[in-house]
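See structure below.
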Amino acid sequence: MNYPVEERFELGPLVTFVPNKKYPVYNWFHFKEGFSRDFVIMMFDQFKLKEGSWVLDPFCGSGTTLLASKERGINSVGIDAMPLAVFVSQVKTMDYNVDYLKHIARDIFSRKFVPPSLKGLSPLVKRAFTKFTLEDILFFKQVVSEIKDPVAKNFFTLALLSTSNKVSMAYKDGSVIKIRKRANIPPFRPVFKRIVKRMLNDLKTLKTRKSVIKVYLGDARRLDFLEDCTFDAIITSPPYLNIIDYIKVYAIENELFFGQTKYDSLRSYIGLDVEKDYSEFEYLDIPSVGKAYFKDMKDVLLEMYRVLSPNGNVVIVVGEGVFPNKIVPVPFILSDIAKSIGFKVKKIVHANKRIVTDQNRKKIGIALESLVFLKKG
Ligand SMILES: C[S@@+](CC[C@H](N)C(=O)[O-])C[C@H]1O[C@@H](n2cnc3c(N)ncnc32)[C@H](O)[C@@H]1O
């Protein structure tokens, strides 16, 4: 457990999604659990990646690593287990014909409203929107679903999804969805129009270069479709131990746009199912969900090692795990696992710290969020 440690809390904001809010295309979908473009660009420079290098993000979320790669002409592969994340990553990194999209936009906004049926929607979705808003969402969803070109259809679906979030009464509070009644909900159509206009402008503003970008729906523990020694670097951030149930947090988006209401949970552990055999982590004095997390992360690290080129670099952004009676030093335990696999642990950089409390607001302690730097020897 003796690794070089640095405290660089000035990096804290960069490992959040917040800086992305000001960047075109990056801000097309607010992914609270994401890191920033600025962080990824900093890593490209640190790892001396150039045009034509290959980067992997096995937990690509909203596609920040992939889009930053596109800006730099770096080739990238992203994987995520959640269809919504794969969809957002694909739409943000696609090449578009802006004039064609404008033509389709004109057609969409010339359509006359026909009230759709609200049958079959879950109580959560019905509480999250007013009846009028929900009717607008479903009406435009139908219009967008009739677009023949799949690339354009996805572009407008993401615009619709972002608009729905803007006019929703639901908000994400940590790992739960809460509803707050709002008095002045803006009418849907003008907001949708404004968002489409901004997205079209963004496509002109963001300067990208030619590169290969592939996004897959998959499981970071099983990357068998990727060849050995392919990547120059891995820039990624897995789910944090015991924090977010991604499927629950994005339940509204998933139901409205992906027609999916039931998933196996993805939460503290990164797997789609909990591996039963985590006996090798029995020595850790933590709840079994934590042991399963480390078993899953070991499988991920083994795959990362395999697909990384010799001398390839890895940075993993990860937070400590919080349980009612203890804080689990995830970055250090991951470093131990990585070392046992053959990685060199270059350093652990602490970038954020937050006070964590239990349900009764009693302080449990201070949890760190850190960057774990590894190198394939
Ligand atoms: C912390 S977020 C990554 C955010 C990303 N860095 C960004 O900037 O948008 C972790 C992601 O891991 C995904 N995930 C969870 N389990 C997974 C698994 N077994 N394989 C691949 N992705 C998984 C979640 O859906 C989530 O999008």
Side-chain angles (χ1 to χ4, degrees), residues 13-21 23 25-43 55-69 76-93 172 174-175 215-226 234-251 253-254 258 260 263-275 289 292-304 314-319 321 330 351-352 369-372:
L14 296 194
V15 296
T16 71
F17 188 81
V18 175
N20 285 356
K21 288 188 188 170
Y23 289 120
V25 188
Y26 287 90
N27 59 14
W28 282 4
F29 181 79
H30 187 93
F31 197 66
K32 249 180 105 192
E33 303 73 26
F35 48 45
S36 70
R37 169 211 181 259
D38 297 345
F39 167 71
V40 178
I41 296 283
M42 198 169 99
M43 292 303 110
V55 166
L56 172 69
D57 186 346
F59 299 99
C60 68
S62 61
T64 311
T65 306
L66 315 178
L67 191 56
S69 303
S76 60
V77 174
I79 291 138
D80 204 285
M82 179 164 65
L84 170 67
V86 172
F87 169 78
V88 171
S89 296
Q90 279 170 339
V91 176
K92 282 164 66 176
T93 54
K172 298 171 176 66
S175 56
V215 193
Y216 299 100
L217 181 67
D219 185 339
R221 296 171 303 173
R222 298 180 207 103
L223 304 177
D224 29 348
F225 55 96
L226 299 178
I234 298 175
I235 299 172
T236 200
S237 175
Y240 293 6
L241 177 55
N242 218 6
I243 297 225
I244 305 268
D245 184 336
Y246 291 89
I247 294 306
K248 265 200 207 144
V249 171
Y250 293 102
E253 290 89 335
N254 279 322
F258 297 91
Q260 281 157 308
Y263 291 92
D264 291 333
S265 270
L266 298 169
R267 48 180 169 196
S268 357
Y269 40 88
I270 53 112
L272 300 167
D273 47 51
V274 182
E275 270 275 359
V289 75
Y293 176 84
F294 288 113
K295 166 69 179 137
D296 283 338
M297 280 308 290
K298 182 173 181 183
D299 291 345
V300 173
L301 284 162
L302 279 165
E303 282 295 71
M304 285 187 181
V314 178
V315 61
I316 301 173
V317 179
V318 73
V330 173
N352 268 319
E369 192 177 26
S370 313
L371 319 179
V372 178

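As the structure lists them, so they are numbered: ligands from 1, and atoms in each ligand from 1.
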Problem set entry | Flag side-chain contact, heavy atom, 4.5 Å: Phe35 against Leu371 | no
Seminar exercise, completed: ligand 1 to Gly218, heavy atom cutoff 4.0 Å, flagged ligand atoms 20 (N), 21 (C)
Problem set entry | Where ligand 1 meets Ser62 - atom numbers and elements under 4.0 angstrom, heavy-atom basis | 7 (C), 9 (O)
Exercise. Nearest non-hydrogen atom to atom 20 (N) of ligand 1 belongs to which of Ala220, Gly63, Ser89?
Worked result: Ala220
Problem set entry | Residue that, paired with Ile79, satisfies side chain to side chain contact (heavy atoms under 4.5 Å, CB included) out of Asp219, Leu217, Leu223 | Leu223
Exercise. Should the proximity of Phe59 to ligand 1, defined as any heavy atom under 4.0 Å, be assigned to the side chain, the backbone, both, or neither?
Worked result: both
Problem set entry | Partners passing side-chain hydrogen bond (donor to acceptor under 3.5 Å, both in side chains) against Thr65 (at least two apart in sequence or in another chain) | Asp57
Seminar exercise, completed: The atoms of ligand 1 lying under 4.0 Å from a heavy atom of Ala81, numbered in the order shown, are 17 (C), 18 (C), 20 (N), 21 (C), 22 (N), 23 (C)
For this session: Compute whether any side-chain donor of one residue and acceptor of the other, for Glu369 and Tyr240, lie under 3.5 angstrom apart.
Result: yes
For this session: Classify the ring geometry between Phe29 and Tyr250 as parallel (under 30°), tilted (30 to 60°) or perpendicular (over 60°).
Result: tilted
For this session: Using a strict 4.0 Å cut-off to heavy atoms of Asp219, name the atoms of ligand 1 that fall inside it.
Result: 18 (C), 19 (N), 20 (N)
Exercise. Among Ala68, Ser36, Pro58, Ser237, which residue places a heavy atom closest to atom 10 (C) of ligand 1?
Worked result: Ser237
Exercise. Which of the numbered atoms in ligand 1 are below 4.0 angstrom from a heavy atom of Thr64?
Worked result: 7 (C), 8 (O), 9 (O)
